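Worksheet: the structure to be examined is printed underneath.
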Amino acid sequence: MGNPKWALAPWALLLLLQLASASHHTRRSLETEAASPSVPASIVSPLLRTGYHFQPPMNWINDPNGPLYYKGWYHLFYQYNPKGAVWGNIIWAHSVSRDLINWIALEPAITPSIPTDKYGVWSGSTTLLHDGTPAILYTGIGRPDTNYQIQNIALPKNASDPLLREWTKPDYNPIAVPVAGINATQFRDPTTAWFAGGRWRMLVGGLRPGTLRGEAILYRSRDFKRWVRAKHPLHSALTGMWECPDFYPVAKAGAERGLDTSAYGAGVAKHVLKNSLDLTRYDYYTVGTYDNTAERYVPDNPTGDVYRRLQYDYGNFYASKTFFDPVKQRRILLGWANESDSVAHDKAKGWAGIQAIPRKIWLDPSGKQLVQWPIEELEKLRGKPVNVGDKVVMPGQHFEVTGLHSYQSDVEVSFEVSSLDKAEPFDPAYANDAQKLCGMKGADVKGGVGPFGLWVLASADLAEKTAVFFRVFKDGYGGKPVVLMCSDPSKSSLTPDLYKPTFAGFVDTDISSGKISLRSLIDRSVVESFGAGGKTCILSRVYPSMALGKDAHLHVFNNGATDIKVSRLTAWEMKKPLMNGA
């Protein structure tokens with residue numbers, strides 16, 4: 001057993017040497033960073049810096065922007081502050097990868113340089129034009145005294161360069177400005193465009209002036225230069241501002257293959273509209289029908305915009321973006337996870353923000369929701385497996401999974417519930433608030449069937465631990481059992497002044513067989529979990545002060561009144577990939 005090792009492909013080593021002098025990230029030694037008197041030493045420990053999640057060596061990052069595959073390379077642009085670990089001075093940073101796991105930083109793609117982005121280059125998307133040339137659509141800030149938001153375009157200086165290292169801004173910018181009927185400070189984040197009926201379409205997120213109605217403002221263009229606003233939005237709802245909209249087709253229910261964003265008609269089962277809610281700071285989506293003649297999108301669930309909203313992730317996951325991967329015919333989801341410590345902590349450690357592990361995303365066989373799963377390339381980082389099987393965990397009991405350093409690991413477990421007879425009755429008052437229900441019935445609150453699951457990043461004395469678990473209720477919707485999935489970090493750290501919210505979501509699964517699965521990606525200060533094969537996902541940021549590195553432990557626990565069997569558990573230490581030169 002040893003520390004996680006570097007896992008570098010030959011291409012990565014070669015390109016790293018070629019681009020070492022071009023990287024825009026300033027290197028420094030995080031290991032020698034000293035804590036200020038007001039910041040605990042554990043916060044600036046390199047053992048809290050993630051091992052296999054995407055991040056630059058230092059400074060602030062937020063939204064993933066314009067991911068795409070181009071001439072053999074995956075590209076990820078992202079919002080980045082080159083001057084510090086807090087939001088501000090935002091540019092489009094740029095990294096490339098062959099496998100979406102090992103990343104190399106390039107020069108920034110877009111920085112403020114024209115009147116319509118002089119005071120900021122904010123989020124946007126990429127679109128592949130008919131000739132294969134990528135185009136970036138992004139929001140610029142055009143006035144110093146207000147967040148006056150304007151949509152712009154950038155094109156590669158040399159489209160034959162597979163690394164897309166230089167971008168230009170054509171003189172026909174801007175392509176969309178906030179005219180009458182548009183709130184100029186709530187008008188941003190253009191989507192990937194799609195083509196139908198001789199015209200390109202794109203959406204821009206907005207908030208109808210004087211209201212709380214979020215809007216997907218629709219624009220059309222014949223030449224990708226001159227854009228005209230449609231008479232009505234593609235869709236709107238009383239939700240507050242819609243940031244970072246995303247709109248794409250999905251194949252028939254249960255088919256895991258992805259579709260190009262312009263796909264329509266045969267082979268397309270539904271469309272998905274996702275929005276990031278500025279008021280609540282989470283991403284929600286609806287599944288529905290798109291009519292490209294009437295230019296309308298109608299959710300299948302008429303109340304899905306306001307009641308029991310479907311979320312990509314019920315935890316710390318925001319400003320997400322998908323793209324179609326033509327190599328493996330899949331749609332991939334990326335999302336930003338902010339820190340949950342303080343600004344002072346971020347300044348002391350010199351970095352803030354990560355990207356979640358890229359996820360494959362597709363329509364569930366029910367046709368009612370999406371399913372997500374970490375991309376298969378992640379498994380290349382797995383080390384030797386540790387296995388546990390056919391082990392019964394009696395009420396009030398727990399056991400430790402040994403044989404690996406679990407602070408940087410991947411854990412898959414299948415549970416079997418012996419009986420549902422002791423399940424607690426479900427209170428319908430919480431039907432629209434899983435998070436509140438989990439806050440009341442956390443991991444230490446004994447139940448009938450559950451809570452059962454994992455204690456991760458646990459200290460030897462269990463004074464620190466993050467719980468990821470299920471709890472089953474009876475007499476739910478239509479008399480069926482209700483499955484609640486929770487991530488409870490309330491005891492994740494003894495460090496004071498941390499934000500430790502409990503996150504939760506209901507799991508739409510048939511628990512009558514007694515079987516349910518959980519996968520958790522544990523990476524030092526992040527726990528990214530997938531329930532029931534990816535039907536419900538929760539990402540949490542945690543900052544243990546004792547359960548660091550080799551002092552972190554992994555347990556299976558059962559605080560219910562019913563026996564739980566671990567039919568199969570496999571855990572792997574995860575190696576460290578190439579990560580932007582860090």
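Quick caveat: nothing in here was measured; it's all calculated off a predicted structure. One is the number of the first residue; the rest follow in order along the sequence.
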Rounding to 0.5 Å, atoms CD (Glu243) and OH (Tyr318) come to a distance of 3.5 Å
With His94 as partner, the option from Tyr80, Tyr74, Phe77 fulfilling ring-ring contact (aromatic ring centres under 6.0 Å, His included) is Phe77
Donor-acceptor contact present, side-chain Thr191 to main-chain Leu203, <3.5 Å = yes
To the nearest 0.5 Å, atom OG of Ser95 lies from atom CD1 of Ile104 at 9.0 Å
Exercise. Looking only at side chains, do Ser276 and Lys274 share a donor and an acceptor under 3.5 Å apart?
Worked result: yes
* For the side chain of Ser236 and the backbone of Glu215, is there at least one donor-acceptor N/O pair under 3.5 Å apart? -> no
**Item:** Worked verdict on Ser529 versus Arg519 for side-chain contact (heavy atoms from CB on, under 4.5 Å)
**Value:** CA-CA 6 Å; Ser529 299; Arg519 182 178 182 184; over 6 Å; no
Would you call Asp117 and Tyr138 a side-chain contact if the rule is heavy atoms closer than 4.5 Å? yes
Original post:
Is there a side-chain contact between Phe530 and Lys535 (heavy atoms, below 4.5 Å)?
Top reply: no
Output for pair (Lys441 NZ, Phe469 CZ), nearest 0.5 Å, gives 11.0 Å
Taking Ser520 for its side chain and Ile522 for its backbone only, find out whether a donor-acceptor pair lies under 3.5 Å. no
Original post:
Does Trp455 reach the main-chain N or O of Leu554 with its side chain, forming a donor-acceptor pair under 3.5 Å?
Top reply: no
Here the pair of heavy atoms bringing Ile110 nearest to Ile91 is O-CB, 3.5 Å
- [ ] Decide if atom CG of Asp461 counts as having more than 12 heavy atoms of other residues, nucleotides or ligands within a radius under 6.0 Å.
- [x] yes
Those residues at least two apart in sequence (or on a different chain) that pass disulfide bond (SG atoms under 2.5 Å apart) with Cys244 are none
CD1 (Ile101) and CG (Leu381) are apart, to the nearest 0.5 Å, by 6.0 Å
**Asked** Can you find a heavy atom in the side chain of Glu528 that is under 4.5 Å from one in the side chain of His53?
**Response** yes
Value for CZ (Arg308) from CG (Asp433), rounded to nearest 0.5 Å, stands at 11.5 Å
Could you tell me if Asp305 and Thr239 have a donor-acceptor pair between their side chains, going purely by distance under 3.5 Å?
no
*Would you say the side chain of Val483 lies within less than 4.5 Å of the side chain of Ile516, judging by non-hydrogen atoms?*
yes
*asked:* Any salt bridge linking Lys349 with Glu339? Criterion: basic side-chain nitrogen under 4.0 Å from a carboxylate oxygen.
replied: yes
In terms of heavy-atom contacts, Tyr314 and Leu310 come closest through OH-CA, 3.9 Å
Could you verify whether a donor N or O on one side chain and an acceptor N or O on the other, from Asn59 and Asn81, lie under 3.5 Å apart? no
Check your understanding: Can a cation-pi geometry be assigned to Lys360 and Trp373, taking NZ or CZ under 6.0 Å from the six-membered ring centre and within 45° of the ring axis?
Key -> no
All heavy atoms of Asp488 vs all of Gly442, minimum pair found to be OD2-CA, 3.8 Å
| query | So, does Asp278 use its side chain to make a donor-acceptor pair with the main chain of Arg281 at under 3.5 Å? | reply | no
Are Asn147 and Thr185 close enough that a side-chain donor and a side-chain acceptor fall under 3.5 Å? no
*Donor + acceptor pair across side chains of Ser125, Lys321 (<3.5 Å)*: yes
- Query: Should Arg359 and Asp313 count as an ion pair when the cut-off is N to O under 4.0 Å?
  - Reply: yes
Before you tell me yes or no, could you show the steps for Val527 and Leu539 under side-chain contact (heavy atoms from CB on, under 4.5 Å), namely the whole-Å CA-CA distance, both residues' side-chain angles and the distance that decides it to 0.1 Å?
CA-CA 6 Å; Val527 182; Leu539 188 154; over 6 Å; no
Exercise for review: Would you please say whether a donor-acceptor pair under 3.5 Å links the side chains of Ser545 and Glu464?
Suggested key: yes
Determine whether Leu437 and Arg471 satisfy the following criterion, side-chain contact (heavy atoms from CB on, under 4.5 Å), listing intermediate values before the conclusion. CA-CA 10 Å; Leu437 178 58; Arg471 185 188 289 262; over 6 Å; no
Heavy atoms from other residues, nucleotides or ligands near NZ of Lys491 exceed 12 (cutoff 6.0 Å) | no
Open item on the list: Is it the case that the side chains of Asp63 and Ser123 hold a donor-acceptor pair, with the cut-off being a distance below 3.5 Å and no angle test?
Closed with: yes
Test: Arg541 cationic atom under 6.0 Å from Tyr499 six-membered ring centre, within 45° of axis: no
Next on the checklist: Is the shortest side-chain heavy-atom distance between Phe187 and Ile217 below 4.5 Å?
Outcome noted: yes
Original post:
Would a 4.5 Å heavy-atom cut-off, applied to side chains only, mark Leu454 and Leu518 as touching?
Top reply: yes
Would you say the side chains of Asn65 and Gln79 form a donor-acceptor pair under 3.5 Å?
yes
Side chain to side chain donor-acceptor pair (under 3.5 Å) test vs Thr50 passes for just one of Gln408, Gln55, Arg524, namely Gln55
request  = Spell out, as yes or no, whether a donor-acceptor pair under 3.5 Å connects the side chain of Gln355 to the backbone of Asn62.
outcome  = yes
Nearest heavy-atom contact between Arg309 and Leu277 is NH1-CD1, 3.6 Å
Main-chain N/O of Gly51 paired with Asp523 side-chain donor or acceptor, under 3.5 Å:
yes
Correct closest heavy-atom pair for Thr502 and Gly439 would be CG2-N, 4.1 Å
All heavy atoms of Asn432 vs all of Val306, minimum pair found to be ND2-O, 4.2 Å
Ring centroids only, cut at 6.0 angstrom: are Phe557 and Phe452 within range, meaning strictly under it?
no
Less than 6.0 angstrom separating the ring centers of Tyr285 and Tyr312, yes or no?
yes
Next on the checklist: side-chain contact (heavy atoms from CB on, under 4.5 Å), that's the test. Do Val39 and Val44 meet it? Break it down for me.
Outcome noted: CA-CA 8 Å; Val39 177; Val44 297; 4.3 Å; yes
| query | Between the side chains of Asp283 and Ser320, does any donor sit under 3.5 Å from an acceptor? | reply | yes
OG1 of Thr126 to CG of Leu68, rounded to nearest 0.5 Å, is 4.0 Å
- Does some side-chain heavy atom of Ile361 sit less than 4.5 Å from a side-chain heavy atom of Val371? no
Quiz item: Checking Ser342 side chain against His345 main chain: does a donor-acceptor pair fall under 3.5 Å?
Solution: yes
Subject >> 4.5 Å side-chain heavy-atom contact, Val401 and Val386 >> reply: yes
Whether Ser340 side chain and Lys500 backbone form a donor-acceptor pair below 3.5 Å: no
Is a side-chain donor or acceptor of Trp92 paired with a backbone partner of Trp122 at a separation under 3.5 angstrom?
-> yes
